[in-house]
Asker: 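Quick one: the structure is below, questions incoming.
As the structure is a prediction and not an experimental result, all values here were calculated from the model.
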Amino acid sequence: MLIPINTEIKQQIMKLVFATNNKNKILEVQQLLPESIEIISLESIGCFEEIPETANTIEENAIMKANYITENYGYDCFADDTGLEVDALNGEPGVFSARYAGEQRNSDDNMNKVLEALADKSNRKAQFKTVIALNLNGKQHLFTGIARGEITINKTGNEGFGYDPIFKPEGYEHTFAQLSLKEKGAISHRGKAMKQLITFLKN
């Protein structure tokens with residue numbers, strides 16, 4: 001008599017804290033992750049304070065945020081930091097992207113400041129840069145994603161967040177704010193960095 005063999009293997013779920021309170025980032029990242037990786041929110045670990053991000057580079061900010069959670073809460077985690085780097089503005093706003101127009105961190109104010117600064121510029125090339133810092137099993141790993149494109153003349157689109165309405169990625173006629181989460185995730189800076197992170201975790 002043949003005994004049926006159960007070939008179904010239950011997939012083990014890896015749980016990682018994502019060190020951000022930005023709900024838009026969480027939505028973007030969640031749709032990129034496979035079912036085998038589950039995000040734990042800062043709220044779930046009892047972290048309600050604002051995590052410091054006062055470093056001078058995007059890389060250092062990502063590291064600072066990841067280390068804050070590991071050192072203060074003891075969890076393996078990952079954190080990201082992103083900046084918009086505009087050629088004609090010597091790489092600004094860069095690490096100061098979130099508060100480019102002031103500590104109120106208003107996206108419209110930030111976009112308006114960029115558009116005003118480029119009003120008399122013919123070079124509108126720019127790139128988004130995301131760095132993810134992963135703290136796992138006592139070691140730290142960095143992953144970088146870059147999306148190149150240009151700054152548009154006007155704001156267009158209602159999707160996304162931050163500078164998405166004024167950034168048109170290379171090869172596209174639409175801004176990030178006109179793309180769905182899935183479309184943006186396939187080509188975006190954060191999407192590229194997340195793919196590297198996911199590949200690393202799977203291996």
Side-chain angles (χ1 to χ4, degrees), residues 13-34 36-85 91-114 128-145 159-165 167 176-177 181 184-185 188-198 200-201:
I13 303 293
M14 173 183 284
K15 297 185 178 183
L16 275 176
V17 174
F18 183 21
T20 185
N21 285 308
N22 187 320
K23 293 181 179 179
N24 290 303
K25 281 188 182 182
I26 292 170
L27 280 174
E28 277 197 7
V29 166
Q30 278 181 332
Q31 66 91 27
L32 292 168
L33 289 172
S36 57
I37 302 173
E38 181 182 325
I39 286 178
I40 300 174
S41 68
L42 291 181
E43 184 179 354
S44 296
I45 66 170
C47 176
F48 299 97
E49 66 268 29
E50 192 72 26
I51 300 175
E53 43 184 318
T54 54
N56 293 319
T57 68
I58 292 169
E59 288 86 355
E60 289 170 338
N61 261 351
I63 290 168
M64 180 181 286
K65 288 186 275 189
N67 287 350
Y68 184 89
I69 295 302
T70 301
E71 291 168 5
N72 290 281
Y73 292 88
Y75 287 93
D76 283 338
C77 71
F78 68 96
D80 85 322
D81 197 51
T82 295
L84 175 68
E85 300 172 336
E92 289 186 0
V95 71
F96 303 109
S97 292
R99 53 189 185 277
Y100 191 45
E103 289 302 322
Q104 73 274 19
R105 299 187 176 212
N106 181 276
S107 293
D108 277 320
D109 293 345
N110 290 335
M111 285 188 283
N112 289 339
K113 184 172 180 178
V114 169
F128 271 117
K129 178 180 179 180
T130 290
V131 176
I132 294 174
L134 169 68
N135 287 350
L136 184 65
N137 301 326
K139 294 183 179 180
Q140 188 168 81
H141 311 271
L142 298 181
F143 309 94
T144 301
E159 301 298 322
F161 62 101
Y163 295 90
D164 286 356
F167 184 82
F176 270 162
L181 270 179
K184 180 186 173 186
S188 76
H189 44 294
R190 186 170 293 107
K192 291 175 181 177
M194 282 300 301
K195 284 173 188 173
Q196 295 171 39
L197 170 67
I198 292 165
F200 176 82
L201 293 175

Asker: Check step by step if side-chain contact (heavy atoms from CB on, under 4.5 Å) holds for D76 and N137.
Answerer: CA-CA 7 Å; D76 283 338; N137 301 326; 3.7 Å; yes
Asker: I'd like to check the salt bridge (Lys or Arg N to Asp or Glu O under 4.0 Å) partners of E59; sequence neighbours left out, ordered by chain and number.
Answerer: K129
Asker: Mind checking side chain to side chain contact (heavy atoms under 4.5 Å, CB included) for K192 and listing every partner two or more places apart, or none if nothing turns up?
Answerer: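 Counting only residues at least two positions away or on another chain, K192 forms no side chain to side chain contact (heavy atoms under 4.5 Å, CB included).
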Asker: Can you name the residues that form a side chain to side chain contact (heavy atoms under 4.5 Å, CB included) with N72, not counting sequence neighbours?
Answerer: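 Side chain to side chain contact (heavy atoms under 4.5 Å, CB included) list for N72, sorted by chain: Y68.
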Asker: I'd like to check the ring pair (Phe, Tyr, Trp, His ring centres under 6.0 Å) partners of F200; sequence neighbours left out, ordered by chain and number.
Answerer: H141, F143
Asker: Are side-chain N/O atoms of N67 and Q140 paired as donor and acceptor at under 3.5 Å?
Answerer: yes
Asker: Excluding sequence neighbours, so at least two apart, what forms side-chain hydrogen bond (donor to acceptor under 3.5 Å, both in side chains) with D109?
Answerer: Q104
Asker: Check the orientation of F128 and F176. Use parallel for under 30°, tilted for 30 to 60°, and perpendicular for over 60°.
Answerer: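 Parallel, since the angle between the ring planes stays under 30°.
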Asker: Go through the structure and list residues passing side-chain hydrogen bond (donor to acceptor under 3.5 Å, both in side chains) with Y100, not counting sequence neighbours.
Answerer: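 Y100: side-chain hydrogen bond (donor to acceptor under 3.5 Å, both in side chains) contacts with E92.
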Asker: Quick one: do R105 and E53 make a salt bridge, cutoff under 4.0 Å?
Answerer: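 Counted as a salt bridge, because a side-chain N and a carboxylate O are separated by less than 4.0 Å.
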Asker: Going by side chain to side chain contact (heavy atoms under 4.5 Å, CB included), name the residues that satisfy it together with A133, two or more places apart in sequence or in a different chain.
Answerer: A62, I63, A66, L142
Asker: Verify side-chain contact (heavy atoms from CB on, under 4.5 Å) between V131 and T57, making sure each step is shown before the conclusion.
Answerer: CA-CA 10 Å; V131 176; T57 68; over 6 Å; no
Asker: Is the backbone of E50 close enough, under 3.5 Å, to the side chain of N21 for a donor and an acceptor to pair up by distance?
Answerer: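 No; judged by distance alone, with no hydrogens or angles, the pair does not exist.
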Asker: Mind checking what makes ring pair (Phe, Tyr, Trp, His ring centres under 6.0 Å) contact with F18, not counting sequence neighbours?
Answerer: F78
Asker: Which residues pass the side-chain hydrogen bond (donor to acceptor under 3.5 Å, both in side chains) test with Y75, not counting sequence neighbours?
Answerer: none
Asker: Partners of A177 by side chain to side chain contact (heavy atoms under 4.5 Å, CB included), sequence neighbours excluded?
Answerer: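 Here the qualifying residues are D164, P165, T175.
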Asker: Got a sec, which residues hit side-chain hydrogen bond (donor to acceptor under 3.5 Å, both in side chains) with T70, two or more places apart in sequence or on another chain?
Answerer: N135
Asker: When the side chains of residues 26-33 are checked against the rest of the protein, which donor-acceptor pairs come out under 3.5 Å, sequence neighbours left out?
Answerer:
{"residue": "E28", "atom": "OE1", "partner": "R190", "partner atom": "NH1", "Å": "2.9"}
{"residue": "E28", "atom": "OE2", "partner": "K184", "partner atom": "NZ", "Å": "2.4"}
{"residue": "Q31", "atom": "NE2", "partner": "E28", "partner atom": "O", "Å": "3.4"}
{"residue": "Q31", "atom": "NE2", "partner": "L181", "partner atom": "O", "Å": "3.3"}

